[in-house]
**Student:** 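Handing you a structure now.
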Amino acid sequence: MLLDSASMYFRAFYGVPEITGPDGTPVNAVRGFLDFIARLVGDYRPTHLVACWDNDWRPQWRVDLLPSYKAHRVEAERTGAPDVEEVPDPLEVQVPIIREVLDAFGICVVGADGYEADDVIGSLATQARQPVDVVTGDRDLFQLVDDDADVRVLYIARGVGNHERVTNDWVRAKYGIDARQYADFATLRGDASDGLPGVAGVGEKTAATLLGRFGDMAGILAAALDPSSDMGPGPRGKIKAAAAYLDVAPRVVAVARDLDLGSPDTRLPPEPHDLPRVAELGQRWGLESPVQRLTTALCGG
């Protein structure tokens, strides 16, 4: 089970009512995140669990290809280091607490410098050689769904307690494409939340139709440039007008699958790694109940 950590703690922050620890520090995202993990572990009993981390939420190599990528979410630019993401102050103070609690529990956290959590997830899922559940509220990761390799997404957009199990059939029923086409589909359609403009005049239905007829982005571009192809003049003109964008965007949208992440111990801990520290953190931040629920879940309760 691979957790899209930022997707989950943002969702916890906005979905769990404001709660503060004994010293007044907000802890609603921490509580929600721990309860999400406890519920998922209890429901699915994974053999391995990884909290995948954004070491760089806006990698420079993606920005170099497409300057608009996540540009609207930049709070401050930095030279030689990742830009600062606009994060609500009450959430920002909780992220280090989440890391500390995960460490105390012995839950594996994996990130890669210069890459997003999506890239870590893509690499771990592709290299796993075992069934994989990816937990996220981010549609971009639908591109990883692979029924043959037993990789699916647990999509939490409507909440962890009401999540959807995304398989290739689910993607086809929802969008009219196969999951392997999803990255090209997202490139064509665009995604304002990531600063992807898409192809002007091409929405989901047209994107799905083009992919259904021409297979992938390479096929679509080849057909647009081939006067003898049966691509209509409307789509042909739109694709050709967006040639510069389509030359770079697929590399931005596609998650990495070949990162060398070493050999972290990704096994689900059968009990908290450092029980005294877990207890101390629970008391310090007023997290006794969620800490106990996660402990019970790890122990198979």
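Computed over heavy atoms, backbone and side chain alike; hydrogens, waters and symmetry mates excluded.
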**Student:** Backbone N or O of Asn28 within a donor-acceptor pair of the Gln94 side chain at under 3.5 Å?
**Tutor:** yes

**Student:** Go through the structure and list residues passing salt bridge (Lys or Arg N to Asp or Glu O under 4.0 Å) with Arg99, not counting sequence neighbours.
**Tutor:** none

**Student:** Can Arg277 and Asp103 be counted as an ion pair, charged N to O under 4.0 angstrom?
**Tutor:** yes

**Student:** Which residue pairs pass the salt bridge (charged side-chain N to carboxylate O under 4.0 Å, His left out) test when at least one of the two sits in residues 125-135, sequence neighbours left out?
**Tutor:** Asp133-Arg152

**Student:** Sub-3.5 Å donor-acceptor pair from the side chain of Asn168 to the main-chain atoms of Ala179, do we have one?
**Tutor:** yes

**Student:** On a heavy-atom basis, which atom in Val278 and which in Pro272 lie closest, and how many Å separate them?
**Tutor:** CG2-CB, 4.0 Å

**Student:** Do we see a donor-acceptor contact under 3.5 Å between the side chains of Thr25 and Asp23?
**Tutor:** yes

**Student:** Other members of the hydrophobic cluster containing Val63, with the 4.5 Å side-chain heavy-atom rule, please.
**Tutor:** none

**Student:** Group every Ile, Leu, Val, Met, Phe, Trp and Tyr by side-chain heavy-atom contacts under 4.5 Å, then state whether Phe33 and Tyr14 land in the same group.
**Tutor:** yes

**Student:** Going by side chain to side chain donor-acceptor pair (under 3.5 Å), name the pairs with one or both residues in residues 247-258, residues two or more places apart or in two chains.
**Tutor:** none

**Student:** According to side chain to side chain donor-acceptor pair (under 3.5 Å), does anything in residues 219-230 pair up with another residue at least two apart or in another chain? List the pairs.
**Tutor:** Arg213-Asp230, Asp226-Ser228, Ser229-Arg236

**Student:** Using every non-hydrogen atom in the two residues, find where Ser7 and Gly137 come nearest and quote the distance to one decimal.
**Tutor:** OG-N, 2.9 Å

**Student:** Taking Tyr245 for the side chain and Thr187 for the main chain, is one N or O donor matched with an acceptor at less than 3.5 Å?
**Tutor:** yes

**Student:** Counting distance only, does the side-chain N/O of Asp54 pair as donor-acceptor with the main-chain N or O of Asp56 below 3.5 Å?
**Tutor:** no

**Student:** Is it the case that atom CD in Gln130 sees more than 12 heavy atoms from other parts of the structure closer than 6.0 Å?
**Tutor:** yes

**Student:** The criterion is salt bridge (Lys or Arg N to Asp or Glu O under 4.0 Å); which residues satisfy it with Arg73, sequence neighbours excluded?
**Tutor:** Glu85, Asp194

**Student:** If you count every heavy atom of other residues, nucleotides or ligands that lies below 6.0 Å from His48 atom NE2, does the total exceed 12?
**Tutor:** yes

**Student:** Who else is in Trp57's hydrophobic cluster (ILVMFWY, side-chain heavy atoms under 4.5 Å, direct or via others)?
**Tutor:** Val74

**Student:** Kindly write out the residues that satisfy side chain to side chain donor-acceptor pair (under 3.5 Å) with Arg39, not counting sequence neighbours, or none if the list is empty.
**Tutor:** none

**Student:** Just list the side-chain donor-acceptor pairs under 3.5 Å for residues 105-122, sequence neighbours left out, or say none.
**Tutor:**
{"from": "Asp113", "atom 1": "OD1", "to": "Asn55", "atom 2": "ND2", "distance (Å)": "2.9"}
{"from": "Glu116", "atom 1": "OE1", "to": "Tyr69", "atom 2": "OH", "distance (Å)": "3.2"}
{"from": "Glu116", "atom 1": "OE1", "to": "Lys70", "atom 2": "NZ", "distance (Å)": "2.7"}
{"from": "Glu116", "atom 1": "OE2", "to": "Arg62", "atom 2": "NH1", "distance (Å)": "3.0"}
{"from": "Glu116", "atom 1": "OE2", "to": "Tyr69", "atom 2": "OH", "distance (Å)": "2.7"}
{"from": "Asp119", "atom 1": "OD1", "to": "Arg62", "atom 2": "NH2", "distance (Å)": "2.8"}
{"from": "Asp119", "atom 1": "OD1", "to": "Ala256", "atom 2": "N", "distance (Å)": "2.9"}
{"from": "Asp119", "atom 1": "OD2", "to": "Arg62", "atom 2": "NH1", "distance (Å)": "2.8"}
{"from": "Asp119", "atom 1": "OD2", "to": "Glu116", "atom 2": "N", "distance (Å)": "3.0"}

**Student:** Name every donor-acceptor pair, under 3.5 Å, that has one atom in a side chain of residues 282-289 and the other anywhere in the protein, sequence neighbours excluded.
**Tutor:**
{"from": "Arg284", "atom 1": "NE", "to": "Glu280", "atom 2": "OE2", "distance (Å)": "3.0"}
{"from": "Arg284", "atom 1": "NH2", "to": "Glu280", "atom 2": "OE1", "distance (Å)": "3.0"}
{"from": "Arg284", "atom 1": "NH2", "to": "Glu280", "atom 2": "OE2", "distance (Å)": "3.2"}

**Student:** Please list, chain by chain and in numerical order, all residues satisfying side chain to side chain donor-acceptor pair (under 3.5 Å) with Asp140, sequence neighbours excluded.
**Tutor:** none

**Student:** Can you run down the ring-ring contact (aromatic ring centres under 6.0 Å, His included) pairs that involve residues 116-153, sequence neighbours left out, and say none if there aren't any?
**Tutor:** Phe142-Tyr155, Phe142-Trp170, Phe142-Tyr182

**Student:** Out of Val50, Val132, Leu144, which one pairs with Leu124 under the side-chain contact (heavy atoms from CB on, under 4.5 Å) rule?
**Tutor:** Val50

